[in-house]
Trainee: 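Sharing a structure with you now.
Just so you know, residue 1 is the first one in the sequence shown, and it goes up from there. Just so you know, ligand 1 is whichever comes first in the structure, and atom 1 is the first atom listed for that ligand. The analysis underlying the following values was restricted to heavy atoms, covering all of them including side chains, and did not include hydrogens, waters or symmetry mates.
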Amino acid sequence: MPLHDTEFTTNQMSRWLREEDPDRLDQLWARADEERRRVVGDGVHLRGLIEISNHCRRHCLYCGLRGPNDRVTRYRMTTEEILECARRAAELGFGTVVLQSGEDPGLDPVETAELIHTIKAETGLAVTLSLGERPTDHLARWREAGANRYLIRFETSDVGLFADLHPDAPRGSVLRVQQLRTMRDLGYEIGTGVMVGIPGQSYESLTYDIDLFRKMDIDMVGLGPYIANEQTPLRGDLNSLPEREQVPATEQMASKALALTRIVCPEANIPATTALATIDGRSGRRNALRRGANVIMPNLTPEQYARHYRIYPKKSEAKKTARTEPGWMEERLRTIGRYVADGPGNRVNRPDVSRSGGPTISSGKPET
Ligand code: 5AD
């Protein structure tokens with residue numbers, strides 16, 4: 001498995017995902033880190049995350065915010081509260097705010113467009129949206145209002161597994177892949193990702209996920225381990241795959257997926273995700289930054305809301321440090337030879353896709 005091939009085959013990737021030899025893995029981390037430094041540099045972009053609403057109409061089997069979970073206290077932040085958080089992001093020197101929510105039908109498209117417009121006008125920050133699957137006219141309206149980027153994880157490229165995990169989605173749909181294409185055509189930078197180790201995820205299917213990031217030339221990729229949530233139907237016990245096929249939901253496996261993603265999508269912005277910090281509070285984020293990641297998304301959601309944004313257990317605890325001690329981040333980054341980057345942190349060398357048409361993106365069907 002030569003590490004210096006520019007084109008990793010899916011076969012090589014899946015062998016790397018199964019690799020357990022610590023010396024070989026050190027080579028993988030080093031290669032990803034080298035690629036990260038060469039293409040996106042040592043600066044780490046900070047994106048202020050604002051969890052604007054935890055209402056959700058979807059039934060995703062793994063997620064604590066799923067509509068049918070009646071143990072969640074639901075909230076929707078007011079415009080003024082959201083603006084307050086955005087101003088804080090600007091004061092802290094962040095380049096971007098990320099507005100995230102469940103798939104909340106109560107988020108009015110016109111009001112949301114006004115909010116985006118006001119954030120842009122007042123702070124000049126880049127705005128990333130992560131508001132779930134939305135009709136094209138909403139996406140277009142928000143883009144016109146000034147939103148720069150949109151995140152929606154496709155969760156898996158395996159159509160059957162997607163349908164199992166999303167009982168309310170039309171069977172056989174690769175809707176999110178289509179949505180990502182639409183977003184790109186509208187001029188958004190597009191972000192996606194998957195959970196690593198979700199029950200039913202095979203090494204083969206995770207390999208295809210990473211290959212699909214490459215084929216779609218994704219601008220931002222979020223990867224984190226699946227964390228079982230007792231308040232969901234999936235919990236952790238449902239698993240139909242033989243043990244040797246099932247991807248384990250470990251920090252190391254998520255790191256392997258992250259490192260491979262950096263190698264095959266060298267220009268992408270890749271965050272050290274909260275899920276990684278949650279399963280390994282001591283070194284999850286730092287390891288991710290040394291294995292390909294170049295973005296951190298500190299949580300700016302007011303505590304009274306953040307504690308109800310429990311996609312998985314302990315989520316809010318893992319984020320506390322970032323929220324309460326802003327200087328901590330700079331300090332921690334310095335110890336690993338990195339620094340807080342200036343500016344909005346757009347994708348480097350981005351192809352011009354803002355005009356109609358956009359690039360051709362190959363279909364979601366993985367090659368074998
Ligand atoms: N564990 C880890 N990540 C999860 N997500 C949802 N539920 C879980 C879970 N139990 C991820 C999904 C979603 C993102 C917002 O959070 O990938 O897209």
Trainee: With sequence neighbours excluded, what pairs up with Phe154 under the ring pair (Phe, Tyr, Trp, His ring centres under 6.0 Å) test?
Mentor: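 Checked Phe154 against ring pair (Phe, Tyr, Trp, His ring centres under 6.0 Å); matches are Phe213.
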
Trainee: What pairs meet the salt bridge (charged side-chain N to carboxylate O under 4.0 Å, His left out) rule with one or both residues in residues 241-250, with sequence neighbours excluded?
Mentor: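 Listed by first then second residue: Arg18-Glu245.
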
Trainee: Could you please provide the protein residues found below 4.0 Å of ligand 1 on a heavy-atom basis, arranged by chain and number?
Mentor: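 Under the 4.0 Å cut-off, ligand 1 touches Tyr62, Cys63, Arg153, Glu155, Met195, Pro225, Tyr226, Ile227, Ile311, Tyr312.
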
Trainee: Relative to the ring of Tyr62, is the ring of His166 parallel (under 30°), tilted (30 to 60°) or perpendicular (over 60°)?
Mentor: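 Perpendicular: the ring planes of His166 and Tyr62 meet at over 60°.
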
Trainee: Within a 6.0 Å radius of atom CG on Asp26, are there more than 12 heavy atoms belonging to other residues, nucleotides or ligands?
Mentor: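 Counting other residues, nucleotides and ligands, CG of Asp26 exceeds 12 neighbours.
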
Trainee: Taking ring pair (Phe, Tyr, Trp, His ring centres under 6.0 Å) as the definition, give me every residue that meets it alongside His138, ordered by chain and number, with sequence neighbours left out.
Mentor: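 Ring pair (Phe, Tyr, Trp, His ring centres under 6.0 Å) list for His138, sorted by chain: Trp142.
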
Trainee: For Gln304, look at atom CD and say whether over 12 heavy atoms of other residues, nucleotides or ligands are found less than 6.0 Å away.
Mentor: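 Atom CD in Gln304 is packed in, count exceeds 12.
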
